[in-house]
2 protein chains.
Amino acid sequence: MTSFTEENYLKIIYKLSAETDNEISTNAVAELTQTKAASVTDMLRKLSEKQLVSYQKYQGVRLTEKGEKVALMVIRKHRLWEVFLVNKLGFNWDEVHEIAEELEHINSDELVQRLDEFLGFPQCDPHGDPIPNRHGLMPELGYKNLSEITVNQQVVMMGVAQHSTNFLQYLAKIGLNLGAKIKIIEINDFDKSLTIKIGVKKECFLSNEVAKNVLVKAIKMD
Amino acid sequence: MTSFTEENYLKIIYKLSAETDNEISTNAVAELTQTKAASVTDMLRKLSEKQLVSYQKYQGVRLTEKGEKVALMVIRKHRLWEVFLVNKLGFNWDEVHEIAEELEHINSDELVQRLDEFLGFPQCDPHGDPIPNRHGLMPELGYKNLSEITVNQQVVMMGVAQHSTNFLQYLAKIGLNLGAKIKIIEINDFDKSLTIKIGVKKECFLSNEVAKNVLVKAIKMD
DNA sequence: ATATATTTTTAGATTAGTCTAAAATTTACT
DNA sequence: AGTAAATTTTAGACTAATCTAAAAATATAT
């Protein structure tokens, strides 16, 4: 059995691992868990004894297959609950993260399966993040960052790569909502900032920083 | 803020208080929390410092108004989640208690309100227990024990006063389901056991012990 | 009413998760 | 390669919740 706290460490190590092939540093984990490096060291030793991570002092940490499975199940629960909160209870997508952080630790395979079914087996959560299936398989959605799209291409907004309330509210303010049709009007060579058209109405300016965090899907031209 | 553990103690003290006007004993609490009396003593001192209970050593414990409010909110959440699990996810009523024990500690007033609304503001949970409203008011449903009903009266099964899986499965086996129409055919003077008719089909025999734990509502004769 | 039994509390220890401060190790820079 | 800087680990302590064993208080019974 894994505790609430252990699950949080595993989830965070998983997320850090997605960005690199190297071992994850103690400090990186400490930053995301909001604890001190000393506490992380203790926990890594414990997770290592439980075979959930492979860890050698001073050399960083990596999830074992077993640890990755646990992390994926926590992420699965988190994202399914987010879908529930938004689609069924009518929460806004920038309000659900905290609550899902609690719900993700509820222990019942049966519950997760039935919830998944109740929600219609969604492929992604309200932020566009893919939801691992019951076997821990993460669906490949093939979304791109808006910053990778070329001029004149038409795309649909599918999600975000950053979940801060700040960022989500900024998107809401400029009218960049999930499902919005976006056309790239111009790319500024100097700073890679964009002028885009949202739907039929607005033209609007986006920094590259923002564009990198917007996930889009190309519209099939037929 | 109250911890998971504190909330469980408050809930249990609340339940014990429903059966008596006297102070609740340390041992009674220990039995239901599945801990030792020594642990209960420690916790009671702590809850007392937080003004959630009034407690004097050797004299038992009682909830304060503040403590009762917390207990009622936990019970509210527990019962709402049970309704969700049964009505929305299709769980059987004897499968939901354990899961609701976890869900009841999720902290978000907004979540509870929206869940309540999503479920259509139910008055009672799948076992017929009343659900406190957002102000902590427990609706008076006026259900009676089947053991209090007189011969020839018609009643409808509304819930149970005992939640053990054993008991619930026994009811299922004899066909005594929520909403079943019951008519008392005969009451045995000696041991207060009953012969009843369930719906149109079955006649069946019930011990007084079982009858005391079946909640019913009289059918209005018009 | 006094001894006995029961209940409750205290004292001291344990576990999980955290902390600070100091020591050890690794990395980075001339 | 040698030293300074940064990172990581160790050592020792704290809190919440629990335990066991012993002491204290209350209840019971002749």
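In what follows, every chain begins at residue 1, and chains take the letters A, B, ... in the order their sequences are listed.
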Requested in this report: Indicate, with yes or no, if the rings of B:Phe84 and A:Phe84 have centres closer together than 6.0 Å.
Outcome: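 Ring-ring flag for B:Phe84/A:Phe84: true, centres closer than 6.0 Å.
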
Query - Check: A:His127 ring centroid to A:His97 ring centroid under 6.0 Å - result: no

Query raised in the report: Where do A:Ile149 and A:Ile187 come nearest, in terms of heavy atoms and distance?
Result: O-CD1, 3.6 Å

Report task. Over all heavy atoms of both residues, which pair between B:Tyr143 and B:Gly128 is shortest? Give the atoms and the distance, please. Result -> CE1-O, 3.6 Å

Query - Stretch residues 2-12 of chain B: residues that reach within less than 4.0 Å of DNA chain C through a heavy atom - result: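 Result for residues 2-12 of chain B: none.
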
Query raised in the report: Is B:Lys192 salt-bridged to B:Glu209, going by a charged N under 4.0 Å from an acidic O?
Result: no

Query - Pairing of A:Glu110 and A:Arg114 as salt bridge, 4.0 angstrom limit - result: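 Salt bridge between A:Glu110 and A:Arg114, a charged N being under 4.0 Å from a carboxylate O: yes.
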
**Report entry** Verdict with reasoning, B:Glu104 to B:Arg79, per salt bridge (charged side-chain N to carboxylate O under 4.0 Å, His left out)
**Finding:** CA-CA 8 Å; B:Glu104 74 188 6; B:Arg79 294 181 180 170; over 6 Å; no

Query raised in the report: According to a strict under-4.0 Å criterion, is B:Arg45 in side-chain N/O contact with OP1 or OP2 of C:dT10?
Result: yes

**Report entry** A:Glu101, CD: over 12 other non-hydrogen atoms inside 6.0 angstrom
**Finding:** yes

Query raised in the report: What residues in residues 14-44 of chain B put a non-hydrogen atom under 4.0 Å from any atom of DNA chain D?
Result: B:Thr35, B:Lys36, B:Ala38, B:Ser39, B:Asp42, B:Met43

Query raised in the report: Tell me, which of residues 47-58 of chain B have any heavy atom that sits under 4.0 Å from an atom in DNA chain D?
Result: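 Under 4.0 Å from DNA chain D: B:Tyr58.
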
Report task. Starting from the C-alpha separation in whole Å, work towards a yes-or-no answer on side-chain hydrogen bond (donor to acceptor under 3.5 Å, both in side chains) for A:Gln169 and A:Asp94. Result -> CA-CA 7 Å; A:Gln169 287 178 353; A:Asp94 60 351; 3.2 Å; yes

Report task. Starting at atom CD of A:Gln59, determine the distance to atom P of C:dT25, rounded to an integer number of angstrom. Result ->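 Taking atom P of C:dT25 as the reference, CD of A:Gln59 is at 12 Å.
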
Query - pair B:Glu6-B:Leu47: side-chain heavy atoms closer than 4.5 Å - result: yes

